[in-house]
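In what follows, chains are A, B, ... by sequence order, proteins preceding strands, each numbered from 1.
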Amino acid sequence: MIEQTIFYILAAVALAGTLLAITEKHPVHAIMYLVTSLFSMAVIFYLLMAPLVAVFEVILYAGAIMVLFLFVIMMLDLGHPEKGISPHWKEWLPALLLSGISITSLAAIIVSRHATVSVCPAAQPIREVARRLFQEHGMAVELVSLQLLFALVGALYLGKAPSPPTTLPEKEVVKSPGEGVTL
Amino acid sequence: MTAFSLDITLFAIKLALVFFVILTLAAYLVFAERRILAWVQDRKGPNRVGPFGLLQPLADLIKLLTKEDVIPGAADRWLFYLAPAMAAIPAILIFSVIPFGAPLTIFGRNLPLVVADLNVGLLFFLSLSSIAVYGVAIGGWASNSKYALLGGIRGLAQLISYELSMGLSLVPIVMLSRSFNMADIVAAQATIPFIVYQPLAFIIFMLSITAECKRIPFDLPEAEGELVAGFHTEYSGMRFGLFFVGEYINIIVLGGLAATFFLGGWHGPLLPPTVWFSFKTLAVAFFFIWMRGTLPRLRYDQLMHLGWKVLTPLALVNILITGWWLALK
Amino acid sequence: MIVPLEQILILAGLLFFIGMGGLLAWRANLIMMLVCIEIMLNAVMLVFVAGSAQWGDPDGQLFAIFIMALTSAEVSLALAMVVYLHRRRKTVNTDLFSEMRG
Amino acid sequence: MQLLSDIQVIFGGFRVTLAHMLRKPVTIQYPEQKRVPYPRFRARIVLTRDPDGGERCVACYLCSAACPVDCISMQSAEREDGRRYAAWFRINFSRCIFCGLCAEACPTLAIQMTPDYEICTRDIMDLVYEKEDLLIDGCGKDASYNFYRHAGIGVTQTRGEGLEETPPVDVRALMP
Amino acid sequence: MKLYLALILLLPLSGGLFNALLGRLLPRRLGEVVACGVIWGAFACSVLAFISFNAPEQVEYASWLSDFDFKAPIALYLDQLSLSLTMMITFVCGLIHLYSVGYMKDDASPSRYFALLNIFVFAMLTLILAANLPLLYLGWEGVGFCSYALIGFWYTEEKNATAGRKAFIVTRIGDTALGIAMVWMFQLFSTTSITELNGMGFLMPTGVITALGILLLIGAAGKSAQLPLSVWLPDAMAGPTPVSAQIHAATMVTAGVYLLIRMFPLIGSSPTTLAAIAIIGAATAFYAATCACVQRDFKRILAYSTISQIGYMMLGVGAGALTASTFHLLTHAFFKALLFLGAGCVITALHHQQDIFSMGGLKKQLPAVYWPFLAGVLCLAGFPGSGGFFSKDDILGAVFDQGGTLYGTLFAVGLLTALLTAFYTFRMLFVVFHGEASTPLNHQTLTPDTRSAGRVEPIMTITLIPLALLGLFGGFLNLPKYLVSHGLLSTFVASIPGFSALEHASDATGISLQIIAATTSLLGLGLAWSRYTGRRRAESLQLEDAGLHFTRFFLNGWYLDHLYNLLFIHPFTWLSRFLWKKIDESTIDGTLNGLARITMRLGEIPAGWSNGRVATSLIALAGGTAALLGYAVWSLM
């Protein structure tokens with residue numbers, strides 16, 4: 001009963017956070033709202049007996065991915081709503097229309113189905129999750145790690161500072177090795 | 001009194017005690033740092049307020065509370081208010097998963113000396129320490145000042161870089177203890193602390209947590225020689241105090257974690273467990289202060305080089321070696 | 001299960017289509033578009049985890065973890081591209097990057 | 001090789017700081033425990049008197065001119081016998097930087113610096129010292145020096161009476 | 001046993017990783033100590049394994065590849081064969097590592113060198129100890145990679161890098177055959193375990209076994225530098241001399257022989273395969289011996305002699321004399337390592353001079369090198385009583401015992417080769433060490449800091465001594481039957497399937513064969529003696545220096561490289577050009593261009609939609625989603 005109440009509160013927070021995030025003009029504020037939403041999602045995951053996903057949601061999503069967004073916004077100085085182009089109200093119309101249709105249809109489909117039996121399975125221990133991950137989906141792990149490697153190489157290549165013009169005196173163009181962005 | 005309400009009462013007492021001890025310790029750590037740094041520099045340090053200067057933290061607190069609360073005109077108000085809290089709160093929360101003593105038995109109730117015995121305690125710590133980045137980044141950004149912004153960006157890059165080596169250095173611990181649970185990790189070190197098996201991981205962990213709590217030689221985000229005070233340049237009064245005390249809570253908490261992961265937690269001969277735990281924690285904190293008195297600050301590229309090209313590969317090699325060793329055993 | 005599966009699915013659907021709406025509306029700002037994609041991916045993860053909890057099978061959690069790993073790869077590459085594009089044109093408006101039209 | 005020496009150097013640093021930690025601090029607990037300055041310490045400025053008890057200052061303005069922060073001011077006057085003195089003499093210690101240039105400049109050794117360094121006050125106007133605050137009843141560092149005894153011809157003594165002064169020679173008596 | 005085996009593999013690997021990761025940061029001496037220490041540690045472990053060994057044993061550590069019914073765990077198999085080879089490899093490589101410390105004293109990147117050397121040993125040991133083919137293949141490729149990197153170690157010179165690439169590419173041809181054989185075997189027997197495969201040979205018709213055997217033979221020929229894939233080995237001399245010693249003596253080239261011996265129970269049931277192996281072996285032995293007779297590069301002579309000796313081993317395998325082959329493999333490892341290391345000493349002393357005609361009279365100047373080198377020469381030449389004599393004679397005896405026209409011919413070829421071997425070996429010895437120092441050695445003595453012929457690090461000469469002793473007295477490992485009833489090695493390996501299959505002829509035949517062999521060897525010695533010592537020395541040297549027409553043929557290895565150029569490379573370039581110009585550019589491109597024009601016309605119709613704006617695609621995506629869901633709801637109602 002308590003858990004149910006907590007779930008509804010969290011769902012409300014997640015929805016509110018997400019809505020505010022996409023309507024906010026200011027990117028940094030939007031990211032803060034989204035992080036709030038992600039936190040409540042993490043707790044929902046925890047309630048759904050997936051502590052590992054919950055913790056990774058915080059470590060990876062809130063702790064790494066969103067921080068990366070923040071980093072890029074801060075570094076490129078994009079946090080000026082007056083300079084950035086925020087959508088005109090007319091641009092919201094097709095978005096609202098299409099999302100509305102989709103949401104209504106989806107809700108109709110879900111509700112029209114008979115309610116599935118709500119069993120209460122035991123929580124899966126982390127050991128079991130890990131065993132599944134590395135023994136049965138080992139190939140997928142390898143593929144994901146390869147993809148991460150490619151992303152790393154790609155990001156390194158894209159982020160590399162363009163070679164400085166040769167007219168500068170030599171002392172000024174010495175860049176720290178292996179670092180794309182000089183801070 | 002029913003068993004349930006007794007449990008609740010005991011829990012509340014435990015919580016209050018932990019809060020009180022942590023905050024007091026943090027305040028006194030500031031004092032200890034000032035005294036020890038003074039000794040390193042052949043000075044005496046603050047010794048005026050109260051006997052041996054012991055009331056100095058109180059005086060500092062009163063000073064900070066009564067200061068004018070200045071908010072820069074161009075600051076982003078809400079984020080500016082939010083940032084100090086985001087720096088301090090995760091640090092305190094981490095302590096909730098650290099077992100600081102052997103389980104007690106009071107009124108026939110079993111009372112584990114840890115606030116929340118999560119089965120993913122180690123990951124909980126990692127997640128909270130990754131949240132702590134926001135305090136620095138938002139604080140630096142919301143101030144709308146170039147020094148603060150630079151400090152914030154530096155802090156961001158530094159923290160997410162060292163997070164990686166910190167997490168990787170803990171993997172051998174999980175491999176050895178076969179659990180994410182802090183209590184299990186401590187129990188696995190009942191006879192021999194993990195530092196004996198994992199000296200390399202310990203070194204990596206120590207370096208990484210030094211960078212995580214932004215202390216010398218990794219204090220680039222607040223490098224006062226270059227950036228005035230880095231990300232908290234524009235803060236004053238109690239907001240600054242929150243940043244400040246957050247940093248020292250962080251030291252205590254990370255010291256406790258180092259003790260838990262590598263130094264055998266509350267295990268130790270003769271003395272009661274909690275005393276052993278605080279001794280180890282304070283020893284790590286002392287080492288932090290000693291390091292601040294000794295080492296110069298790194299350059300930014302050296303910092304990144306150390307994190308990505310030295311510590312992270314070393315931690316990976318360490319994991320491999322541990323795996324081999326376990327497979328052979 | 002704390003609540004029936006349908007309610008979680010509806011929550012996930014709402015999140016997903018809010019993300020989609022945002023994606024359509026914010027088409028001028030690359031950063032916000034990426035943020036909206038993150039929202040959509042999160043909704044998908046919620047569905048996976050809910051399924052995992054419903055049927056007591058850890059595979060759903062595993063897929064959620066895979067999504068996270070892939071997302072981190074995608075975001076790192078995408079943000080590197082944002083930095084690159086910003087360096088070239090000083091803007092993150094996607095409509096201005098249309099040299100590759102057929 | 002590089003690595004080992006680096007590690008050695010870092011541990012050397014830790015050793016040094018530990019050694020200093022255990023060393024006795026050099027701090028002096030100031031208000032309770034006063035520091036004894038050296039006799040030639042350059043602190044508060046005084047005006048001294050000659051061995052006969054008269055003022056040494058002849059109000060020549062050299063100190064005022066030498067002062068880099070312009071904290072010395074005075075008004076010269078002349079007694080009936082032609083001896084000069086300062087009608088008033090003022091040093092603003094809130095500006096003084098204790099550089100000692102005034103004492104260097106003084107030809108009569110009137111202005112001198114003392115080791116008295118505790119000149120704190122709550123009211124800044126208290127730091128403006130007048131002549132009566134500055135003048136002391138003593139000769140200061142060169143006790144036997146009396147400017148007019150050397151140079152006061154026509155004022156305090158006639159020609160030939162000064163110290164280290166040979167009596168005047170009558171040139172006409174030098175005729176062969 | 002599990003621990004010993006793991007340590008045998010992990011020690012060299014960890015040493016290699018240590019040197020690769022930290023070597024540059026730490027003192028040079030530490031890296032050297034670690035590199036040598038891990039190999040000697042592995043040797044100690046293999047000795048311990050030998051002591052506690054009582055029966056063949058398979059240990060499994062972890063699963064490596066496993067999918068459906070394909071399983072290739074990290075499992076090691078230790079029997080008498082792999083055990084004796086492991087001991088030999090760790091011992092010889094340990095000596096080579098020690099020697100390298102002296103040889104690479106002045107090199108700029110010792111950590112890279114030692115890391116590769118350690119990993120080389122690790123790969124070879126993996127190959128030897130692997131219990132299944134995929135793991136063996138891992139070691140096989142590891143050996144190939146390390147040899148590539150080490151041959152081209154001084155890669156700043158174009159020549160060396162090319163030699164490394166050549167070795168890599170030529171051995172790849174063999175590796176491909178091995179890979180095909182491996183996959184095929186899995187398809188046939190659905191297992192990759194070597195012991196299981198060896199017991200399943202009878203399940204398949206002889207034709208399949210023959211085909212498998214030929215594929216394995218190609219693989220072995222690639223790695224062991226047999227005809228026709230032998231061209232890489234002489235060029236592989238570009239690497240540092242200890243590397244050559246390691247490739248030739250202990251590690252790489254014996255891998256092919258080992259593979260054939262290991263798979264013998266499977267492929268031995270096909271006489272065609274055996275004949276092919278024997279023919280290839282004998283032909284290679286003869287071919288390389290002829291080439292070696294006229295070479296003038298010190299290391300190339302040794303390289304050709306290696307090809308020749310490996311040919312002997314192949315011949316032995318072809319004759320079914322596995323014990324003799326293994327025996328020759330072991331003794332060869334000792335004396336070939338000795339010869340290479342000795343040659344390395346000479347080359348170092350002469351400041352990297354490799355032309356033997358510029359040497360001479362070194363006997364007095366480098367006695368510490370001369371005497372061990374002499375021991376090696378005696379072994380290689382099959383001088384009566386030396387280790388090489390017994391092992392080579394074992395093989396020849398086994399070939400003779402097979403009888404028949406084919407093996408009779410092969411025996412004759414083997415005998416002729418033995419004569420040539422003795423000749424070129426003593427030619428090398430006499431030219432380099434005997435004669436007068438007045439032969440063009442003068443330009444080396446110009447450097448003022450060297451008294452006569454330069455200094456050799458003591459560690460380099462010391463390592464020669466154990467090898468010389470082992471080479472000389474290696475014969476005691478397996479004395480012929482008429483001396484002792486059972487040789488040590490024969491008894492030791494007798495229980496391995498395939499090893500004891502052969503019944504030797506009578507003692508009288510054995511003794512007479514020995515006498516023939518001894519005579520041959522002495523004859524070669526006599527020839528060389530008459531030609532390269534005394535009065536005729538100067539004359540012969542002058543003659544060869546000028547270069548005779550027929551020697552040029554041998555000098556270039558029968559123009560094998562040119563043959564390849566003519567047979568493969570020219571047709572290939574011609575075909576490529578033809579395909580490029582005629583087929584690709586005119587035919588295919590023409591068609592495609594036409595198609596493309598049509599498509600372009602068609603494509604212009606909906607092109608308005610793809611205006612390159614992301615937003616358009618997104619709208620289309622969302623619209624599609626909405627339409628799909630809407631349709632689903634509509635069909636629901």
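- Proximity to chain A (any heavy atom under 4.5 Å) is shown, for C:Met81, by both the backbone and the side chain.
- Interface residue C:Ile39: only side-chain heavy atoms are found under 4.5 Å from chain A.
- Only the side chain of A:Leu34 comes within contact range of chain C, judged by heavy atoms closer than 4.5 Å.
- Heavy atoms of A:Phe69 lying under 4.5 Å from chain C belong to its backbone as well as its side chain.
- Both the backbone and the side chain of C:Ile31 come within contact range of chain A, with heavy atoms under 4.5 Å apart.
- With a 4.5 Å cut-off on non-hydrogen atoms, A:Leu68 touches chain C through its backbone and its side chain both.
- Both the backbone and the side chain of A:Phe56 come within less than 4.5 Å of a heavy atom in chain C.
- Only the side chain of C:Ala64 comes within less than 4.5 Å of a heavy atom of chain A; its backbone N, CA, C and O stay farther away.
- If you measure heavy-atom distances from C:Glu74 to chain A, you find no contacts under 4.5 Å at all.
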Q) Should A:Glu136 and C:Leu62 be marked as a side chain to side chain contact (heavy atoms under 4.5 Å, CB included) after you check the CA-CA gap, both sets of side-chain angles, and the distance that decides it? A) CA-CA 11 Å; A:Glu136 291 182 17; C:Leu62 294 187; over 6 Å; no
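- Residue pairs meeting the salt bridge (Lys or Arg N to Asp or Glu O under 4.0 Å) criterion with at least one member in residues 44-65 of chain C, sequence neighbours excluded, are A:Arg132-C:Asp57, A:Arg132-C:Asp59.
- Residue contact with chain C, scored on non-hydrogen atoms closer than 4.5 Å, involves the side chain of A:Leu38 exclusively.
- Within the 4.5 Å cutoff, the side chain of C:Phe66 has heavy atoms near those of the A:His137 side chain.
- At a 4.5 Å heavy-atom cutoff, the contact between A:Ala50 and chain C is made by backbone and side-chain atoms alike.
- Both the backbone and the side chain of C:Leu46 come within contact range of chain A, each with at least one heavy atom under 4.5 Å from a heavy atom of that chain.
- Residue pairs meeting the salt bridge (Lys or Arg N to Asp or Glu O under 4.0 Å) criterion with at least one partner in residues 13-22 of chain C, sequence neighbours excluded, do not occur; the list is empty.
- Only the side chain of A:Tyr8 comes within less than 4.5 Å of a heavy atom in chain C; its backbone stays farther off.
- Contacts of A:Val72 with chain C are made by side-chain atoms alone, with heavy-atom separations under 4.5 Å and no backbone atom involved.
- Heavy-atom distances place no part of A:Leu97 under 4.5 Å from chain C, backbone and side chain included.
- If you measure heavy-atom distances from A:Val141 to chain C, the contacts under 4.5 Å come from both the backbone and the side chain.
- Using a 4.5 Å heavy-atom threshold, the side chains of C:Ile10 and A:Leu106 count as separate.
- Considering only heavy atoms from C-beta on, A:Glu57 comes within 4.5 Å of C:Asn42 through its side chain.
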